[in-house]
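Values in this document were obtained by computation on a predicted structure and should not be read as measured data. In what follows, chains are A, B, ... by sequence order, proteins preceding strands, each numbered from 1.
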Amino acid sequence: MLEITRLRNDKDEVIEQLRKRGVDFTKEVALVLSVDAQWRAAKTELETIQAESNGLSKEIGKLFQAGDTAAANAAKEKTAALKSQEQTLKSQVNQLEQELREALYQIPNVPVAEVKEGKSEADNETVFEAGPKRTFSFTPKAHWDLAQQYDLIDFELGVKVTGAGFPFYKGKGAKLQRGLINFFLDEAEKAGYQEHIAPLVVNEASGYGTGQLPDKEGQMYHIGADDLYLIPTAEVPLTNIYRDVILPNESFSIRLCGYTPCFRREAGSYGKDVRGLNRLHQFDKVEIVRIEHPNNAKAALDEMVAHVKQLLEKLQLQYRILRLCGGDTGFASAITYDFEVYSAAQEKWLEVSSVSLFETFQSNRLMLRYRGEDKKTHLCHTLNGSALALPRIVAALLENHQTENGITLPEAIVPYVGFAEI
RNA sequence: GGAGAAAUGGCAGAGCGGUUGAAUGCACCGGUCUUGAAAACCGGCAUACCGAGAGGUAUCGGGGGUUCGAAUCCCUCUUUCUCCGCCA
């Protein structure tokens, strides 16, 4: 949620920058500002009346204490009119407040200067590309074939027990998962991120805090009996640790990481993209999260990008980094870098990580603040990134490191998985 | 799952219908004293919104109600604690 003060002070600039998302938000911004003005006017009026009736009540109290019951009862008569006025104004203010919030929810985050205008993924800029693409002297197999051939992953079994998108990992396939999780966690810890094991279900307030609700309600699994949501990413529980928190100025930087399974309904996905490990309803991910002082947020973003880069290098995967264009940048994000690895077998790029800076967009909803040098509270900046999501990394490892009669694992993870060859 | 008790500022802990945004202690910040520190003493110390400011309003777990007036009474939800039952 954008800060209302930013819209009040800087509306033209906000609209201008939002244009980079390929959408004109003039109307939405105007609506927010008009509701805001009405809200403020109604609130001022309400408070005047409240002040009046508070004063009257105090007087009545004094009169009763002085024993002047007659005068007190006379004063009471006057309060009736005030009371009904107060009630109508109160409901008006409440309604305007809700309208304001809803209007504000319609406006996405403002992209930062480096983000280029664009409508879709076709307009994303490649800012870095590593190494030559792997070539093969034989026809490489897709990971779903390799997984079956070496008995690593069983998709059919998952369909039987649960449904599509919930595979079983078996034997070396399961060990590879476990090893990768530990590898990613250790790397994150080395970079200063404190490990957390988080709840896998969250309440409604947390869903709102990080912005999954109300926009993406249909994407989360909802447990009706207890009104809880399965997490779509560790970002939700990890960032919500800091909901309604005021940090001392010297707290920064805060770095958390955590491995969790992630659950996504992926409503509306179909076709080729969902084959094999490309898109699952349940998958494993190590997430890194940072809470930063606004002055340090950009540097933090660069560090996170460097961290993910280094992971992909250790995995010896060919990858590229994209700076997403305005239209492809997520609703809450001010700037996002996507990491993609190239799968020679599928002949396409697979997104394996997404690193985003939200500036105050999340902290504004979360009420996550710090106390500045000026002794006042200010909103923190939040960031997060996958480091990394497992399924597509596994897909890429299998596909890119296959030989004619096996799969050779990169050196860095051998100690973690316990074998070098599949 | 059943029965009871409780939820107040950073923490501890009073208040239980009227000038209480809230005693007191601790913590914290500033000052006096001291060569320095400690101690002692003095002062300050919740958050948010509206307002140029003066000031106003709201908030004592959340929501609703009674009342001219609620931290205080009632209802409801949530959480915590104790006891019983069940269970990894």
Rounded to the Å, how far apart are [X] [atom1] and [N] [atom2]?
X: A/Leu56; N: B/U67; atom1: CG; atom2: P; answer: 17 Å
X: A/Asp68; N: B/G18; atom1: CG; atom2: C1'; answer: 15 Å
X: A/Glu204; N: B/C77; atom1: CD; atom2: C1'; answer: 14 Å
X: A/Asn54; N: B/U57; atom1: CG; atom2: C1'; answer: 8 Å
X: A/Arg371; N: B/C28; atom1: CZ; atom2: P; answer: 17 Å
X: A/Trp39; N: B/A58; atom1: CH2; atom2: C1'; answer: 11 Å
X: A/Lys43; N: B/C49; atom1: NZ; atom2: P; answer: 9 Å
X: A/Glu47; N: B/A48; atom1: CD; atom2: P; answer: 16 Å

field: A/Tyr193 and A/His307 aromatic ring geometry - parallel, tilted or perpendicular at 30°/60° bounds
entry: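 The rings of A/His307 and A/Tyr193 sit tilted, inter-plane angle from 30° to 60°.
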Checking contacts here: which listed nucleotide ([options]) is nearest the side-chain heavy atoms of [X]?
X: A/Ile60; options: B/C50, B/U47, B/C68; result: B/C68
X: A/Ala51; options: B/C49, B/C68, B/G56; result: B/G56
X: A/Ile246; options: B/U57, B/C68, B/U47; result: B/U47
X: A/Phe64; options: B/U57, B/C68, B/U47; result: B/C68
X: A/Lys58; options: B/A46, B/U57, B/U19; result: B/U19

If only side-chain N and O atoms count, and only distance matters, is there a donor-acceptor pair under 3.5 Å linking [Y] with [X]?
X: A/Glu287; Y: A/Ser386; result: no
X: A/Asn182; Y: A/Tyr259; result: no
X: A/Gln149; Y: A/Lys141; result: yes
X: A/Lys285; Y: A/Thr233; result: yes

- request: Scan A/Ser57 against the nucleic acid and name what it touches under 4.0 Å (heavy atoms): base, sugar-phosphate only, or nothing.
  value: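 The residue A/Ser57 makes base contact.
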message: For residues 70-79 of chain A, which residue pairs pass the side chain to side chain donor-acceptor pair (under 3.5 Å) check, not counting sequence neighbours?
response: none
message: What residues from residues 91-102 of chain A pass a heavy-atom cutoff of under 4.0 Å to RNA chain B?
response: none
query: Of A/Lys83 and A/Arg369, whose nearest nucleotide on RNA chain B comes first from the 5' end?
result: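 Its nearest nucleotide being more 5', the pick is A/Arg369.
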task: Would you kindly compare A/Thr48 and A/Asp36 by the position of their nearest RNA chain B nucleotide and give the one closer to the 5′ end?
output: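 It is A/Asp36 whose nearest nucleotide is closer to the 5' end.
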If I pick the [atom1] atom on [M] and the same atom on [N], what distance separates them, to the nearest angstrom?
N: B/C33; M: B/A38; atom1: C1'; result: 12 Å
N: B/U32; M: B/A22; atom1: P; result: 29 Å
N: B/U20; M: B/C60; atom1: C1'; result: 11 Å
N: B/A88; M: B/G15; atom1: P; result: 45 Å
N: B/G21; M: B/A71; atom1: P; result: 8 Å
N: B/U47; M: B/G9; atom1: C1'; result: 10 Å
N: B/A23; M: B/U72; atom1: C1'; result: 15 Å
N: B/A14; M: B/G69; atom1: C1'; result: 22 Å

Please tabulate, for the side chains in residues 80-89 of chain A, all donor-acceptor contacts under 3.5 angstrom to protein atoms that are two or more places apart in sequence or on a different chain.
unit_1  : atom_1 : unit_2  : atom_2 : d
A/Ser84 : OG     : A/Ala81 : O      : 3.2
A/Thr88 : OG1    : A/Ser84 : O      : 3.2
A/Thr88 : OG1    : A/Gln85 : O      : 2.9

- request: Only counting residues at least two apart or in another chain, list the ones meeting side-chain hydrogen bond (donor to acceptor under 3.5 Å, both in side chains) with A/Glu195.
  value: none
- prompt: Sequence neighbours excluded, which residues qualify as side-chain hydrogen bond (donor to acceptor under 3.5 Å, both in side chains) partners of A/Asp24?
  reply: A/Arg19, A/Thr26
- prompt: Stem ranges for RNA chain B, with three or more consecutive Watson-Crick or G-U pairs under 3.5 Å?
  reply: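 For RNA chain B the paired stretches long enough to count as stems (3 pairs minimum) are B:1-7 with B:78-84, B:10-12 with B:24-26, B:28-32 with B:40-44, B:46-50 with B:55-59, B:61-65 with B:73-77.
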message: I want to check one thing: is the phosphate of B/A48, taken as OP1 and OP2, less than 4.0 Å away from some side-chain N or O of A/Thr377?
response: yes
field: Phosphate OP1/OP2 of B/C50 contacted by A/Arg8 side-chain N/O (<4.0 Å)
entry: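 Result: yes.
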A/Asn109 side-chain N/O to A/Ala332 backbone N/O, donor-acceptor pair under 3.5 Å: yes
Pair A/Asp36 + A/Arg40: basic N to acidic O under 4.0 Å: yes
